[in-house]
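Chain naming here is simple, since letters A, B, ... match the order of the sequence lines and numbering starts at 1 in each.
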Amino acid sequence: MSTTTDEKTYHGLTHDQIESFGAELDAIRQRVIADLGQADRDYLLNILKWQRGLEITGRALFYLPPAWPIAVGALSVSKILDNMEIGHNVMHGQYDWMGDPDLNSRMFDWDTVCPGEQWKYSHNYIHHTYTNILGKDRDIGYGILRMDPDQKWNPYYLGNPVYAFLLMVFFEWGVALHDLEVEEIVAGRRTWKDTKHLHRGLIRKIRGQVLKDYLLFPALTGPLFPLTFLGNATANLVRNIWAFNIIFCGHFPAGVASFSEEETGINEGTETQGMWYLRQLLGSANIAGGKLFHVMSGNLSHQIEHHLFPDIPARRYPEIAEEVREICERYGLPYNTGPLHKQLFSVAKKICRLALPGGQPKEADVTGVAPAHPLAA
Amino acid sequence: MSIVADATGRVLRSRLAAALTAPHGVDRYLELIDPMLAAHEVRARVVEITPETPGVATLTLQPTSTWRGHQAGQHVLVGADLPASAKRTTRAFSISSAASAPGERFTLTIRAHEEGQLSKFLVHEARPGQLLHLSQAQGDFVLTESPATPTNHRLLLITGGSGITPAMSMLRTLLRDGYDGHVGRKVTFLHFARSAEDQIFADELAAIADADNGVDVHLHHGDSLFSEFLLRRLVPDFRTTDTWLCGPPGLVELVTDAFGDSPRLRMEFFKPATARVGRGSDAVEGEVSFARSGVTTTNNGASLLEQAEAAGLKPDFGCRMGICFSCTARKTSGTVRNVLTGEESAAPDEDIRICVTTPAGDCHIDL
Ligand SMILES: Cc1cc2nc3c(=O)[nH]c(=O)nc-3n(C[C@H](O)[C@H](O)[C@H](O)COP(=O)(O)OP(=O)(O)OC[C@H]3O[C@@H](n4cnc5c(N)ncnc54)[C@H](O)[C@@H]3O)c2cc1C
Ligand code: FES
């Protein structure tokens, strides 16, 4: 261990500073976990009630053609709540402590074509463990986009804005196919056979979702089939656009750092808890907004807090955020946040800029002094 | 059940209903209307709470129509969302009433343990109207005989304390269904309680003892402990008599010694033996057994994941730091400590993340 406290080693902090930074975050974690109880439970059950109520309302209103826009609105909101504040968070194990099998990370599945089982691997494990490590975190550009200047440019990336638009429109499908690593198959580094274990689950889930939204519910409205079909498709689209934007604003605005495998020490197992926290902080960004906005984004508007504490109920992130921000200020660390329009613009700019060769490397204020090997000091 | 209810049930359990409510399922929507409506799950309302002895109460439960009934001697898993912690706590309780039909009411007779979470709540705090989550009845500690299948086998029921419940269900079932002892098959009911005040179902047992029904009731209180001598006097050929035993560890030990390796003795445990050791200490001790692979190792204080790997197993894992839940496994018994929170837990049958959990004494993992 290093003992020279003024030696800059990793992202502008000394090892001792990183470890005490980590200890402060650990303390927040302990405190919140000890405090979990009835209020958290009631909150989740209440959101569930809203979500299901809106879903039933939406589906029922399709029988009343003039109410079509309201029906679509209700169903869209229901799908957004189901995916974000409920599905994403429950499948992170945030409510496992309640011991309720229906709201347990192992049992829950969400209303999208992506099987919860597969998402938990690619998201909870790969993305949350290797956050923003190039070559490891497959969420950087989802294997389709160039989202980091360190991704080598080639002419394919001229289509970056178009791919991003398509990914937004078909987001749930992109997420569902994420685990197949189709881009690896196209590149010949992986064969179709390597993904065989995923096919059954994927097909079952896709069949269920398609059957429900595009056949059964429309059929149940009889002559209104086309309207209901269109309504369901629109609700899925609205949810896709919303989810895509919230998630991209959480990871790709200007100022978010990416990492190389070497500098994190992840392969050697030399990344400490403090370094891990620091990487999560530097690799995420928040979106400022009101209470309703946070609920509708599944509190992923608090992406920083979510990445620091992925298994703490998301409704706690706003209260945690104040402290995290204060800690960051004391350690001279950036805390990337801004209103939706600012973050959106920043992401869009990056998508367009990186369609072309080059692009700005990691921001100086984030990475601090160029890191030596973390534990070499 | 009426024809209408029957048809409704069939619709709710149909593939169409499942497809329309995927991936959440019909029950997630029905519970919004009324928790007692269910297509697949089993829930129950407490309709009556009757005190039996100090600290023991009988709860009468009205289950949802999904309840498939029970055989005498079976138990049910009961889950309640405890108000103090907002956590669902699940424990097993034997059913004390006679065998039930689908949808029919049944009773649980529960002793409140001083430091117990669920038993104390159910006996002292629960009120009629309380909602409980249930499993279907389970367990093979069941009465195989019935008046419908008369044999001239003698039956022997040996119980202690609250272990009386499954035997009581058997006895009640026999008597309700017309058993009168006149086919030559005698029933011996041998029970041990701490004192006469602690005797559960005292009046009913007295009435059964008095009636002309071929049931011998022997109640022992206080210092009158079980002995082979006592048993031999009551049932000379006990080793070849079908016997059901349920009670505290001390009683179980004495009775199993007396029966030797007789296959006629069947037992039910209310408390797994391994849950009693290794509580609340920091010492590294005990054995870890991985049930599915049949491997047992000496606890070395490392995480369960590391110990499993050291033993040559390959459990699933992801981050190895408690965030991805890839390594979740079921602990069937024993005390473990969560290294992230320092929290100790001795609850049986709970899901734990083995990468951030160390055993505190003996423990059994389903791996
Ligand atoms: C198949 C089966 C059938 C059962 N049937 C009945 C029944 O009909 N009636 C009934 O009252 N109980 C029955 N039990 C026991 C019951 O499941 C619980 O273990 C008991 O009620 C205590 O639960 P708790 O949540 O209150 O205590 P917990 O919170 O689990 O434990 C608190 C403390 O009590 C101790 N403790 C837990 N259980 C027992 C026990 N059984 N004996 C002694 N100490 C214990 C623990 O070691 C701990 O110190 C049955 C158990 C099994 C496995
Ligand atoms: S491996 Fe991640 S929780 Fe255990």
Side-chain angles (χ1 to χ4, degrees), chain A residues 26 29-30 33-34 36-42 48-49 51-53 55-56 59 82 86-87 91-93 96-106 108-112 115-116 120-121 123-130 205 207-209 211-212 215-217 220 269 273 276 309-311, chain B residues 15-33 35 40-41 43 77 79-91 117-118 133 135 316-330 338 340-343 345 347 349-353 355-356:
Chain A
D26 267 342
R29 182 193 161 79
Q30 299 299 336
I33 284 179
L36 295 179
Q38 197 67 41
D40 300 278
R41 184 190 160 78
D42 291 346
L48 270 164
K49 261 201 197 120
Q51 182 264 316
R52 278 159 201 168
E55 180 181 357
I56 293 167
R59 305 247 186 232
D82 176 278
I86 301 166
M91 287 196 286
H92 258 293
D96 280 8
W97 57 271
M98 291 189 338
D100 183 334
D102 301 323
L103 300 170
N104 178 287
S105 59
R106 289 223 287 176
F108 197 87
D109 203 351
W110 52 2
D111 184 23
T112 91
K120 274 181 274 175
Y121 174 81
H123 180 86
N124 286 9
Y125 167 40
I126 299 289
H127 170 60
H128 272 275
T129 308
Y130 302 113
K205 190 70 195 291
R207 195 174 48 205
Q209 290 293 120
L211 188 70
K212 175 175 83 158
L215 192 68
L216 294 179
F217 273 113
L220 282 176
Q273 181 72 39
W276 185 84
F309 311 111
D311 59 350
Chain B
R15 288 176 61 177
L16 177 67
L20 291 174
T21 54
H24 302 311
V26 181
D27 285 337
R28 299 280 75 74
Y29 296 87
L30 290 177
E31 71 189 4
L32 292 180
I33 308 167
H40 303 281
E41 288 166 18
R43 292 185 275 265
L77 297 178
D81 301 315
L82 295 184
S85 63
K87 283 182 203 172
R88 170 119 12 123
T89 306
T90 303
R91 302 283 184 267
Q117 294 183 54
L118 190 55
H133 299 263
S135 68
D316 279 348
F317 67 83
C319 65
R320 299 182 81 99
M321 57 189 299
I323 59 169
C324 73
F325 289 81
S326 311
C327 65
T328 304
R330 173 145 294 208
N338 180 324
L340 296 177
T341 61
E343 196 181 302
S345 155
D349 283 332
E350 61 174 343
D351 287 337
I352 54 170
R353 286 167 285 169
C355 70
V356 289

Inset, instruction - Test A/I33 against B/L340 for side chain to side chain contact (heavy atoms under 4.5 Å, CB included), laying out the working first. - result: CA-CA 10 Å; A/I33 284 179; B/L340 296 177; 5.9 Å; no

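A/G37 and B/A86 get closest at one heavy-atom pair: C-CB, 3.5 Å. Of all heavy-atom pairs spanning A/D109 and B/H24, the tightest one is O-CE1, 3.2 Å. Nearest heavy-atom pair across A/R41 and B/D81 is NH2-OD2, 2.9 Å. Nearest heavy atoms, A/K212 versus B/A22: NZ-O, 2.7 Å.
Only the side chain of B/L32 comes within contact range of chain A, with heavy atoms under 4.5 Å apart. Only the side chain of A/Q30 comes within contact range of chain B, judged by heavy atoms closer than 4.5 Å. With a 4.5 Å cut-off on non-hydrogen atoms, A/F108 touches chain B through its side chain but not through its backbone. Residue B/E350: no heavy atom, backbone or side chain, is found under 4.5 Å from chain A. Neither the backbone nor the side chain of A/I126 comes within contact range of chain B, judged by heavy atoms closer than 4.5 Å. Of the atoms belonging to A/D96, it is side-chain heavy atoms, and not backbone ones, that fall under 4.5 Å from chain B. B/E343 does not touch chain A: none of its heavy atoms, backbone or side chain, sits under 4.5 Å away. For chain A, the nearby part of B/D351 is the side chain; its heavy atoms alone come within less than 4.5 Å. In this structure, the portion of A/I56 lying under 4.5 Å from any heavy atom of chain B is its side chain and not its backbone. Only the backbone of B/S85 comes within less than 4.5 Å of a heavy atom in chain A; its side chain stays farther off.
To the nearest 0.5 Å, atom NE2 of residue B/H133 and atom CG of residue A/D100 are 6.5 Å apart. Atom-to-atom distance recorded for B/T328:OG1 and A/N104:CG is 8.0 Å, nearest 0.5 angstrom.
Counting heavy-atom pairs closer than 4.5 Å to chain B, the top-ranked of the candidates A/K49, A/Q209, A/E55, A/K205 is A/E55. Per-residue heavy-atom pair counts under 4.5 Å with chain B were compared for A/D82, A/T112, A/L211, and the maximum is reached by A/D82. The greatest number of non-hydrogen atom pairs below 4.5 Å with chain B, out of A/Q38, A/M98, A/R52, is found for A/R52.
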